[in-house]
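Heavy-atom basis, side chains included; hydrogens, waters and symmetry copies ignored. The chain is numbered in sequence order, starting from 1.
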Amino acid sequence: MNTKLTAWKKDLNNKEICVVGIGISHLPLITYLAQQGARVTACDRKSKAELGETATQLQNMGVSLHLGENYLSNLSGELIFKTPGLRPDVPALVAAMEQGIPVTTEMDVFMELCPAHITAVTGSDGKTTTTTLIYQLLSAAGFTTHVGGNIGKPLLPAIDTIQSEDRVVLELSSFQLQTMTKSPQTAVVTNISPNHLDYHTDYQEYIEAKKNIFMHQNPIDLAILNLDNEVTRSFIPELKGDCITFSRQQQADICLQGTEIVYGNKSILDTRQIRIPGNHNIENYMAAIGAVYPMVEEKQIQHCGSTFGGVAHRIEFVRELNGVRYYNSSIDSSPNRTKNTLSVFSQPVVLIAGGKDKGIPYDELGPAIRDHVKTLILIGATADVISKVAAQFAPNVPIIYADTYEQAVQTAKEQATQSDVVLLSNASTSFDMFRNFEERGNLFKELVNRL
């Protein structure tokens, strides 16, 4: 019996709780809190008209709404849940904390109450694929496995269904980690490079947020770190528990011998069996193996390698038309991700890129454009900055601007010839034109399938 959870649920009855942010991840939380008898106020910048049916549903549950531009004014209650994308030092939250109101997040509370072993994954790239691999592998080994955090469903509203013998796998962003005071039993860091500098004050703050995935571990806990990444390698002296290192380029606990991924002296997986392309996915498999082996047997890992086709919007094959293969990698919201995606292809690439700026430099994208891109099609807020980098490093690559995705896809079709690749890999977030990268990728797939 989860006595912590029982006590927490009992405490919710008639408690005045403020939830800041009425997004997809918070709706189940608001519903759960209301069902436990809490008096919930939900705050959001959107108007009642913009929320539409959601506003009506919440009010029918007895939830009070505080909406519009001043949604953060006069925050009150006995507990505040903030959305991860809202910095903890915004004046409204600071003022609430000064009044003695605790501020937390859905993930902070879940980490505290979860009765099962938690494996959590963070990093600048590869989080979702690695998290999904761990989930698939643990499920194949017979564990009842729950996945959440940045992917899947919010887990706090489902915590009543999680048993102590289950396994939980979380993908955690720097936003979620920044306020965490509890770490998972198994922490995986795929890599660290500059990212989300439009949110964090600087790169060091971003790194410090990522560290929370292991900073509160116990001596019996485990961290899996990428030895090839300078930042993750620097974490090793700060670890509280055991460490497993992985490397594609040097000797490590998990490393390459020829085409074989080897753990210790044991061959676990031949990289030629891995269905999803790219060296970065070899690293993702290494990280996942570190988290699950020997609970998961080699044959189960090998079966996953040969059957797992990847996660939507991550170098996702869409179709082949007139000898041209179309790929959707809308998840690529940073220059580093686009650089890694481009490195997968030996064929000439017609690249569609551009979106909202995250405040990070784009210089590293230049050599990748020079080496892989046949034609560059730019759209969105970062089109000009990417164009300048391309002109500097790849002056012979034609650059074409598009105003709409319909125009971008049609232009790509006209520019590509047999054996080329058309790739959506934006090197920028989607928020200049879309609600999220999924919406952007789905539109691209729809337009490609209409050609």
Side-chain angles (χ1 to χ4, degrees), residues 12 15-88 90-96 101 103-107 150-154 156-158 173 175-176 196 198-199 313 330 333 354-358 379-382 403-407 426 428-447:
L12 289 178
K15 192 167 192 171
E16 189 178 344
I17 297 178
C18 177
V19 179
V20 180
I22 309 177
I24 294 172
S25 63
H26 266 181
L27 284 173
L29 172 65
I30 294 168
T31 302
Y32 183 79
L33 295 172
Q35 288 171 343
Q36 306 307 315
R39 292 179 288 134
V40 182
T41 299
C43 309
D44 199 278
R45 188 186 300 275
K46 292 178 181 175
S47 67
K48 187 175 180 181
E50 288 173 316
L51 286 171
E53 185 62 28
T54 297
T56 304
Q57 291 172 355
L58 292 175
Q59 288 180 317
N60 289 342
M61 286 190 286
V63 175
S64 300
L65 300 179
H66 185 42
L67 307 175
E69 287 299 317
N70 297 318
Y71 75 107
L72 290 178
S73 63
N74 303 315
L75 295 178
S76 62
E78 299 170 77
L79 178 66
I80 296 173
F81 281 87
K82 80 170 189 72
T83 185
L86 184 66
R87 285 189 58 89
V90 299
L93 293 178
V94 172
I101 304 174
V103 176
T104 189
T105 68
E106 180 261 340
M107 188 51 62
N150 251 12
I151 61 174
K153 63 183 181 181
L156 182 57
S173 69
F175 306 159
Q176 292 165 313
H196 297 299
D198 54 341
Y199 173 91
H313 309 293
S330 182
S333 60
K356 184 179 182 293
D357 197 347
K358 291 177 14 175
I379 185 170
T382 58
D403 296 320
T404 67
Y405 269 79
E406 289 83 354
Q407 183 184 352
N426 299 80
S428 316
T429 71
S430 59
F431 302 126
D432 57 337
M433 300 172 72
F434 302 93
R435 288 177 297 177
N436 49 52
F437 72 84
E438 292 97 339
E439 186 178 83
R440 178 171 67 186
N442 287 335
L443 175 61
F444 174 76
K445 290 191 288 184
E446 178 185 334
L447 293 170

Stepwise side chain to side chain contact (heavy atoms under 4.5 Å, CB included) test for His66 and Leu72: CA-CA 8 Å; His66 185 42; Leu72 290 178; over 6 Å; no
Worked check of side chain to side chain contact (heavy atoms under 4.5 Å, CB included) between Ile379 and Met433: CA-CA 10 Å; Ile379 185 170; Met433 300 172 72; 4.1 Å; yes
For Leu67 and Ser47, what are the C-alpha separation, side-chain angles and deciding distance, and is it a side chain to side chain contact (heavy atoms under 4.5 Å, CB included)? CA-CA 6 Å; Leu67 307 175; Ser47 67; 5.6 Å; no
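Counting heavy atoms from C-beta outward, Phe175 and Thr105 have side chains that stay 4.5 Å or more apart. Side-chain atoms of Lys82 and Val19, non-hydrogen and from C-beta on, never get closer than 4.5 Å to each other.
A donor-acceptor contact shorter than 3.5 Å links the side chain of His26 to the backbone of Gly21. The backbone N or O of Glu16 sits less than 3.5 Å from a side-chain atom of Glu78, completing a donor-acceptor pair. At distances below 3.5 Å, at least one donor-acceptor pair connects side-chain atoms of Glu439 with backbone N or O atoms of Arg435. For the pair Thr382 (side chain) and Gly355 (backbone), a donor-acceptor distance under 3.5 Å is present. Under the 3.5 Å distance criterion, the side-chain polar atoms of Ser330 are matched with a main-chain donor or acceptor of Phe437. Formation of a donor-acceptor pair under 3.5 Å by the Thr83 side chain with backbone atoms of Leu86 is not found in this model. Looking only at distances, a side-chain donor or acceptor of Asn436 sits under 3.5 Å from a matching main-chain atom of Glu438. Using modelled atom types, one side-chain atom of Glu106 and one backbone atom of Leu156 make a donor-acceptor pair closer than 3.5 Å.
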Donor-acceptor contacts, no H, no angles, side chain residues 36-45, under 3.5 Å, sequence neighbours left out:
residue	atom	partner	partner atom	Å
Arg39	NE	Asn14	O	3.3
Arg39	NE	Asn14	OD1	3.2
Arg39	NH2	Asn14	O	3.2
Asp44	OD1	Lys46	N	2.9
Asp44	OD2	Ile22	N	2.7
Arg45	NH1	Glu69	OE1	3.2

With a cut-off of 3.5 Å and sequence neighbours excluded, list every side-chain donor-acceptor pair involving residues 53-65.
residue	atom	partner	partner atom	Å
Gln59	OE1	Lys48	NZ	3.1
Asn60	ND2	Thr56	O	3.3

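Between Leu75 and the choices Ile101, Val103, Ile80, the side chain to side chain contact (heavy atoms under 4.5 Å, CB included) rule is met once, by Ile80.
We find the OG1-CG distance between Thr31 and Leu27 to be 6.5 Å, quoted to the nearest 0.5 Å. Annotation: the span from Lys358 atom NZ to Ser333 atom OG amounts to 3.5 Å, rounded to 0.5 Å. Atom CG of residue Leu93 and atom CZ of residue Arg87 lie 11.0 Å apart, to the nearest 0.5 angstrom. Distance CG/Asp357 to CZ/Phe431: 13.0 Å, rounded to 0.5 Å. Here the CG-NZ distance, from Asp432 to Lys356, works out to 8.5 Å after rounding to the nearest 0.5 Å. Going from atom CD1 of Ile30 over to atom CZ of Phe81 covers 10.5 Å, rounded to the nearest 0.5 Å.
Within the cation-pi definition used here (under 6.0 Å to the ring centroid, within 45° of the axis), Arg440 does not qualify as a partner of Tyr405.
Considering every non-hydrogen atom in both Gly441 and His313, the closest pair reads CA-ND1, 3.6 Å. Across all their heavy atoms, Pro154 and Pro28 have their closest contact at CG-CG, 3.9 Å.
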